[in-house]
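When reading the values below, keep in mind they use all heavy atoms of this one structure, side chains included, and skip hydrogens, waters and symmetry mates. When a ligand or atom number is given, it counts from 1 through the structure's own listing order.
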Amino acid sequence: MTKPQSPRSRPAGAARAASEGRDGRSFFSRPKGDARAPIARDSARDDRSGGTRDERSGGRPTPRPSYDAPRGEGRGGERGAYGADRREGRPSPRPSFDPTRGEGRGERASYGSERHEGRPGPRPSYDASRGEGRGGERGSYGSERREGRPGPRPSYDAPRGEGRGGERGSYGSERREGRTGPRPSYDAPRGEGRGGERASYGSERREGRQDARPSHGSPRGGERGQYAGPRGGEGGHGQGYGGQDRPPKPQFNRPRLSHAAIRIDQVQRVLGEILQWTYPADAALSHWLRNHPNLGARDRSEVAEAVYDVLRHLRRYRQFGESGVGPASRRLAILGLAATLGANELSEGMDAAEAEWLQRVSQIDLATLPRAVRGSIPDWLDERLGAMDSPDTLIEALNRQASLDLRVNPLKVERDAMLAELQQGAGRYEPVAMRYSPWGIRMEGRPAINRWPQFENGSIEVQDEGSQLLALLVGPRRGEMIIDFCAGAGGKTLLLGALMRSTGRLYAFDVSAARLARAKPRFARSGLSNVVPVVIDSENDARVKRLAGKAQRVLVDAPCSGIGTLRRNPDLKWRQHPEALAELGQLQERILNSAARCVAPGGRLVYATCSLLAEENEVQAERFLASHPDFERLDAAEILAARCENLKLDGPYVQLRPDVHGTDGFFAAVFERRKKGAAAGADDAQAAETSEVAPQEPAGETPAGDQDQPA
Ligand SMILES: C[S@@+](CC[C@H](N)C(=O)[O-])C[C@H]1O[C@@H](n2cnc3c(N)ncnc32)[C@H](O)[C@@H]1O
């Protein structure tokens with residue numbers, strides 16, 4: 001099994017995503033006494049919203065998260081971004097052009113959006129205004145709620161999908177795992193336990209009751225005070241005794257716990273939280289870690305890696321777990337730790353029956369398992385990925401950890417100079433130039449990039465290589481008017497603005513004020529002055545219509561399932577479901593149609609997702625072409641190949657895969673508005689000119705965003 005990446009190094013596409021940290025009014029901002037049920041319902045819609053359970057358990061907002069968690073990614077590739085976002089949450093020293101009133105509020109959750117780049121998130125991040133938050137933008141969730149736009153209905157009932165298809169039994173079990181509360185309000189699992197999986201039900205039911213059966217000599221039944229706590233000084237690890245060199249004194253009548261027993265229990269507890277699917281995995285993990293501040297770096301890393309391993313291989317592990325004894329979440333924890341630490345490390349923490357079971361399931365020949373079980377993906381996803389070339393290698397790659405991808409800021413530094421600098425100072429992370437992106441540097445390990453001066457001064461950002469390549473498709477030029485229609489936390493906006501050399505005007509639209517607010521400090525760090533962030537009410541906002549026929553280039557980095565980012569956000573495959581895909585498809589189509597109206601005759605429209613699924617990609621592109629005779633398709637693969645000689649792609653679309661290109665899964669289509677159809681564009685432009693409200697001015701002149709923030 002592959003060694004999972006520690007949460008520390010994950011992108012912020014925070015759940016990104018954490019929400020990309022997952023956004024907005026998260027656990028952090030939830031008012032005291034917020035009931036559990038409503039949170040579950042909301043989060044089912046926008047699971048990227050970051051948050052902690054502090055509020056759930058009493059409404060005490062947690063201070064800054066201590067754990068620079070998993071994903072700096074921004075899912076979709078931006079590890080380190082998480083930490084960054086968190087910092088971004090602090091009042092920026094140069095709030096020059098960011099008009100967003102909401103800024104500084106929901107920033108904690110911001111890591112989610114970065115995850116998105118790195119993209120995270122079914123994250124329900126998309127379509128913020130509806131409370132959806134699917135796709136990769138966790139952060140937006142909370143903020144959306146604050147913005148007073150709670151979704152009228154929990155359209156994105158994330159976990160519902162799980163039990164469907166062939167996985168009903170397991171879905172129900174997930175919900176039950178670790179659960180101590182009443183049934184979640186979304187009432188997802190009707191039908192759970194039916195079908196062929198009843199036998200496992202009983203054990204699954206036990207997954208949530210960690211303290212009920214103090215068997216195995218494990219820490220249940222009083223472990224809390226024993227290890228996880230703050231008794232020890234900081235920094236210790238390896239023993240898992242809260243940083244102390246020695247285990248705590250055994251208490252009367254209580255057996256002394258081994259390192260392995262403690263670790264199993266820790267992982268079991270975290271899984272108990274995550275597998276309720278109330279919050280994105282990275283948010284739930286971060287929250288748990290914050291509540292255990294005295295765990296050392298190694299403790300954190302080991303817990304996180306095992307938890308992510310379980311999320312990656314959940315379906316297979318559940319199947320293995322059926323033949324075991326004890327609570328199901330404990331069996332999952334053992335499997336995750338055996339994969340990441342090695343079975344030998346666990347022996348002291350298991351009883352004889354567990355050890356025998358582990359040995360037995362470790363010998364199962366994976367090749368004999370159906371692909372969906374072997375690759376641990378839900379049936380609906382197996383069906384879709386199975387229709388693609390080389391599905392096995394693809395699924396395998398999606399279950400591996402992603403590397404840490406950095407991008408230099410071309411406004412500030414040359415890639416080679418930065419690479420030399422990093423090789424000197426951070427050589428142990430093995431920085432190398434990326435294969436395709438001219439601005440990219442790839443690193444191994446989990447450096448706390450967000451504390452590096454190069455990050456703080458805007459010379460580097462965390463961004464998946466695939467996201468970087470999208471900028472080449474947009475091909476921005478100096479002085480142009482460009483629209484980044486779904487700008488989120490600004491990952492792609494940053495590169496577009498730098499390639500415009502900070503000239504012209506770059507509109508950064510998004511329905512999520514929280515995500516745009518998180519973009520602000522990034523814009524400030526990067527030295528850009530040509531970005532105009534605009535929070536729009538919807539894709540049909542009047543401010544969008546005013547720009548009809550005016551933009552030379554429009555990028556639609558559409559809200560999507562985020563399935564291409566499973567390396568960074570493995571929980572997405574359990575949170576996403578086919579019904580949500582259908583809704584996403586409609587949203588993508590509406591956004592594309594509105595964005596197309598902004599394109600000037602002869603101008604370029606780029607449609608991109610971090611999905612691998614045809615229905616979000618080529619099907620959308622073909623539908624757009626069929627309904628827009630004034631646009632023609634350009635060969636996106638050719639455009640990219642002209643800039644990246646190593647990159648061999650079959651057009652007309654760009655489709656990047658982790659197994660082939662080492663990037664997250666991305667799709668891009670490029671369309672050009674016909675010049676001879678200029679009449680339509682001219683009409684649009686005329687309509688715009690006669691509009692009652694003048695177009696917004698760029699930052700530095702009239703900060704348009706000021707008018708755009710919700711109250
Ligand atoms: C894939 S993410 C964008 C990530 C961003 N481009 C980046 O690189 O960080 C999709 C974004 O679409 C936004 N969105 C959802 N519905 C939208 C709509 N109707 N109009 C504009 N943006 C929308 C979401 O809030 C989310 O930030």
S.K.: Which option, Asn540, Val511, Asp510, owns the non-hydrogen atom nearest atom 20 (N) of ligand 1?
M.R.: Val511
S.K.: What atoms of ligand 1 come within less than 4.0 Å of a heavy atom belonging to Glu539?
M.R.: 18 (C), 19 (N)
S.K.: Counting each atom of ligand 1 from 1 as listed, which ones have a heavy atom of Gly488 under 4.0 Å away?
M.R.: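 Answer for ligand 1: 27 (O).
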S.K.: Would you say the ring centers of Phe671 and Tyr607 fall short of 6.0 Å from each other?
M.R.: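 Ring centres of Tyr607 and Phe671 not closer than 6.0 Å.
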S.K.: Going by the order shown, which atoms of ligand 1 are within less than 4.0 Å of some heavy atom of Ile536?
M.R.: 20 (N), 21 (C)
S.K.: Report the C-alpha distance between Phe666 and Leu469 in whole Å, list the side-chain angles of each, state the deciding distance to 0.1 Å, and finish with yes or no for side-chain contact (heavy atoms from CB on, under 4.5 Å).
M.R.: CA-CA 10 Å; Phe666 276 101; Leu469 295 177; over 6 Å; no
S.K.: Please determine whether any non-hydrogen atom of Ala558 lies less than 4.0 Å from an atom of ligand 1.
M.R.: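 Contact present.
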S.K.: Check this for me - ligand 1, Ile591, N or O atoms closer than 3.5 angstrom, yes or no?
M.R.: no
S.K.: Heavy-atom count around Arg623 CZ within 6.0 Å, excluding the residue itself: above 12?
M.R.: yes
S.K.: Do the side chains of Lys492 and Asp484 get close enough for a salt bridge, i.e. N-O under 4.0 angstrom?
M.R.: no
S.K.: With a 4.5 Å limit on heavy-atom distance, are the side chains of Arg435 and Arg442 in contact?
M.R.: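 Of all side-chain heavy-atom pairs linking Arg442 with Arg435, none is under 4.5 Å.
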S.K.: Short list, please: which atoms of ligand 1 are under 4.0 Å from a heavy atom of Asp557?
M.R.: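 Heavy-atom distances to Asp557 below 4.0 Å select 1 (C), 2 (S), 3 (C), 4 (C), 5 (C), 6 (N), 7 (C), 8 (O), 10 (C).
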S.K.: Considering Lys492, Gln463, Gln588, which one's heavy-atom position lies nearest to atom 8 (O) of ligand 1?
M.R.: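 Among Lys492, Gln463, Gln588, the closest heavy atom to atom 8 (O) of ligand 1 belongs to Lys492.
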S.K.: Measure the shortest side-chain to side-chain distance between Leu528 and Leu494 over non-hydrogen atoms and say whether it is less than 4.5 angstrom.
M.R.: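 SC-SC contact between Leu528 and Leu494 confirmed.
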S.K.: Find out whether Arg415 and Pro410 are in side-chain contact, i.e. whether some heavy atom of one side chain is under 4.5 Å from a heavy atom of the other.
M.R.: no
S.K.: Closest by any non-hydrogen atom to atom 5 (C) of ligand 1: pick that one out of Ser512, Ala487, Cys560.
M.R.: Ala487
S.K.: Would you mind listing which atoms of ligand 1 come within a distance below 4.0 Å of any non-hydrogen atom of Gly491?
M.R.: 7 (C), 8 (O), 9 (O)
S.K.: Quick check on Phe509 - does any of its heavy atoms sit under 4.0 Å from an atom of ligand 1?
M.R.: no
S.K.: Sort out for me which residue in Arg407, Arg522, Gln454, Gln468 forms a side chain to side chain donor-acceptor pair (under 3.5 Å) with Glu461.
M.R.: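 That would be Arg522.
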